[in-house]
Amino acid sequence: MTFDYDLFVIGGGSGGVRAARVAAATGAKVALAEEFRMGGTCVIRGCVPKKLMVFASGYSEMFDDARAYGWDLDEGDFNWPRFRDKLHAELSRLEGIYRKLLDGSGVEIFDARATLKDPHTVTLSTGKDVTAKHILVATGGRPVLPEISGAELGITSNDIFLLDEMPKNILIVGGGYIASEFACILNGLGVKVTQFYRGAQILRGFDDEARGLVAEGMRAKGVDLHLGTNIVEMRAATEDDLKGHDHGVPMEEGRPAQLPQTGTGKGIWVKATNGQEAVYDQVMFATGRAPNTDDMGLQAAGVEVGRRGEAVVDDYSQTAVPSIYAIGDVTNRVQLTPVAIREGMAFVETVFKGNPTPVDHELIPSAIFTQPEMGTVGLSEEAAREQEPVEIYCTSFKPMNHAFADRDDRVLMKLVVSVETRKVLGCHIVADHAGEMIQLAGIAVKMGATKEDFDRTVAVHPTMAEELVTMKEPVRTA
Ligand code: NDP
């Protein structure tokens, strides 16, 4: 049987684009369909614009720091429209690069939605059917709103980059990566941020000590974090809601008794599980993401779809249909760009290079771009001690740059070490640039470095990271 293409990729995000390019480089005839903008979540409404907003928000503290270091300067105001327009110009530039790379690799691009018709056929929204020997589903995920009365008035991380104006105050719901990162970003940009998390501590699953320090740092910088708290109901605010200003947290002193002109245009009244009522300019939900499998024709083609809507795949990213593979967030394995890229490359290695390659999902380093920032690889202390006896090496201190600037921010360096093998099972860093540091520590941990290997390494002085190789005695065993 002959096909129009050797590979048809559905979705132009990080994973899909990489797989298409690498497959085309093997001489395969490849096409890719994208219904929105090339680059996907990471480039258009995720990692890239988020990180640029992290940079923008970091400047608010730098004015104080610069003065402490002897600079004479006045604080300026953040100009959201100016930043936003530059941000979108940058995203368009990056999108252009993605297109160019695909073009240059000989991948045919369809600016259309594609759905599965059968194991070898996709139907494009243009009405055209095309056939392929292999189909790769790389459609990513999308934010989901919780089932709360009035939740549709809220925004998600998709909307935040497009706001006409910055809200004066915002309620962020959730305690994961996205909620915590945006709480810090918006706080740094001068927005009054309230964060509700339903559990006992934000960043569930990460090392307790590390996430505790992140939460403490966030609060110290001004995020009004409420744990064990959720929204009961919300609705568009009425004039009455604003009278008296005794409703709760976000009502600012001296604020004119009129409804804010942002958000829904009226403000959003929220009742919380702790009984508090308040009006916010915006409510942002960061309550998890769902795989994009709706109306894709996956089940009809024979692909198994899991409980959360994910395309179910094996270690080689192959679905129950031998010709159909899936990678990235749509498989709901590890929702990280570099992992989707790895999965895409392993798929090409397996299918187009005859070298079956499973994706290694062990010991993935990651960073949470909160303020303070956290970098982490391997097991938390809590998970490690469930597994085996461990020694904990940990230090928390005020780094010299913050001490000089009279800032209270503390950093944390922590190693979780196996008593039996001496291997470093986990490394957790809370500090400026923790993401950069954990990338490098991640190499050592992935190589199976022992505590003694860390100790043999000479410190780089004066740095914060030198503490990782100078911690002599465990603070506890567990
Ligand atoms: P997460 O799954 O990390 O967090 C979702 C949060 O929402 C949790 O705190 C969860 O609480 C809470 N939640 C879920 N349902 C409800 C509800 N009905 N009411 C109230 N709260 C609720 O998702 P995110 O959206 O933050 O991020 C998605 C993924 O994106 C992450 O897992 C990560 O892989 C990736 N990401 C990575 C980044 C990075 O590498 N820096 C940055 C941003 C995203 P509970 O804990 O109780 O379940």
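Whatever order the structure lists them in is the order used to number ligands and atoms, beginning at 1. What you are looking at is a predicted structure, and each value in this text was computed from that prediction instead of being measured. Heavy-atom basis, side chains included; hydrogens, waters and symmetry copies ignored.
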(request) Starting from atom 18 (N) of ligand 1, locate the nearest protein heavy atom and write down its residue, its atom name and how far away it is, to 0.1 Å. (result) Pro146 CB, 3.3 Å
(request) Identify whether the distance between the nearest side-chain nitrogen and carboxylate oxygen of Lys414 and Glu381 falls below 4.0 Å. (result) yes
(message) Taking 4.0 Å as the limit for heavy-atom contacts, which would you say applies to Leu336 with ligand 1: side chain only, backbone only, both, or neither?
(response) side chain
(request) State whether the shortest distance between N or O atoms of Ala367 and N or O atoms of ligand 1 falls below 3.5 angstrom. (result) yes
(request) Could you tell me which non-hydrogen atom of Glu181 sits nearest to which non-hydrogen atom of Lys50, and how far apart they are? (result) OE1-NZ, 2.7 Å
(message) If we count only N and O atoms by modelled type, under 3.5 Å, do the side chains of His402 and Asp65 hold a donor and an acceptor together?
(response) no
(message) Using a strict threshold of under 4.0 Å (side-chain N to carboxylate O), is an ion pair present between Lys423 and Asp453?
(response) no
(message) Counting only heavy atoms closer than 4.0 Å, does ligand 1 sit against the backbone of Glu181, its side chain, both, or neither?
(response) side chain
(message) Please check whether Ser366 reaches ligand 1 - meaning an N/O of the residue sits under 3.5 Å from an N/O of the ligand, judged on distance alone.
(response) no
(request) Check each atom of ligand 1 against the heavy atoms of Lys50 and keep those under 4.0 Å away; list them by number with element. (result) 41 (N), 42 (C)
(request) Flag yes if more than 12 heavy atoms outside Arg476 fall under 6.0 Å of its CZ atom; otherwise flag no. (result) yes
(request) Evaluate whether atom CD of Gln387 has more than 12 neighbouring non-hydrogen atoms of other residues, nucleotides or ligands under 6.0 angstrom away. (result) yes
(request) Among all protein heavy atoms, pick the one closest to atom 47 (O) of ligand 1 and tell me residue, atom and distance. (result) Arg198 NE, 2.9 Å
(message) Among all the protein's non-hydrogen atoms, which is closest to atom 44 (C) of ligand 1, and how far away is it?
(response) Ile178 CG1, 3.5 Å
(request) Measure from atom 48 (O) of ligand 1 to every heavy atom in Arg204, Gln201, Arg289, Met374 and give the option owning the shortest one. (result) Arg204
(request) Report the nearest protein non-hydrogen atom to atom 20 (C) of ligand 1: residue, atom name, distance rounded to 0.1 Å. (result) Asn230 ND2, 3.1 Å
(request) Report the part of Phe196 in contact with ligand 1, treating N, CA, C, O as backbone and CB onward as side chain, heavy atoms under 4.0 Å; options are side chain, backbone, both, neither. (result) neither
(request) Could you tell me which non-hydrogen atom of Ile10 sits nearest to which non-hydrogen atom of Ala114, and how far apart they are? (result) CG2-O, 3.7 Å
(message) In this structure, is the centre-to-centre distance between the rings of Phe206 and Tyr177 below 6.0 Å?
(response) yes
(message) Salt bridge or not between Lys221 and Asp409? Use side-chain N to carboxylate O under 4.0 Å.
(response) yes
(request) Name the closest protein heavy atom to atom 34 (O) of ligand 1, giving the residue it belongs to and the distance to 0.1 Å. (result) Gln335 O, 2.8 Å
(message) Tell me whether Glu147 reaches ligand 1 (any heavy atom closer than 4.0 angstrom to a ligand atom).
(response) no
(message) Taking 4.0 angstrom as the limit and counting only heavy atoms of Ala286, give me the atoms of ligand 1 inside it, by number and element.
(response) 5 (C), 6 (C), 7 (O)
(request) Kindly confirm or rule out an N or O of Gly176 lying under 3.5 angstrom from an N or O of ligand 1. (result) yes
(message) Quick check on the 6.0 Å ring-centre criterion: do Phe83 and Phe78 meet it?
(response) yes
(request) Return the residue, atom name and 0.1 Å-rounded distance of the protein heavy atom closest to atom 9 (O) of ligand 1. (result) Gly175 N, 2.9 Å
(request) Distance to 0.1 Å, residue and atom name: give those for the protein heavy atom nearest to atom 14 (C) of ligand 1. (result) Thr287 O, 3.3 Å
(message) Considering non-hydrogen atoms of the protein only, which is the closest contact for atom 31 (C) of ligand 1, and what is the distance?
(response) Tyr177 CD1, 3.6 Å
(message) Does Arg333 form a side-chain hydrogen bond (donor to acceptor under 3.5 Å, both in side chains) with Ser317? I'd like the steps, not just the answer.
(response) CA-CA 10 Å; Arg333 289 179 282 183; Ser317 300; 3.0 Å; yes
(request) Using a strict 4.0 Å threshold on nitrogen-to-oxygen distance, state whether Glu61 and Arg407 make a salt bridge. (result) yes
(request) Just jot down the ligand 1 atoms closer than 4.0 angstrom to any heavy atom of Gly288, in number order. (result) 5 (C), 23 (O), 25 (O)
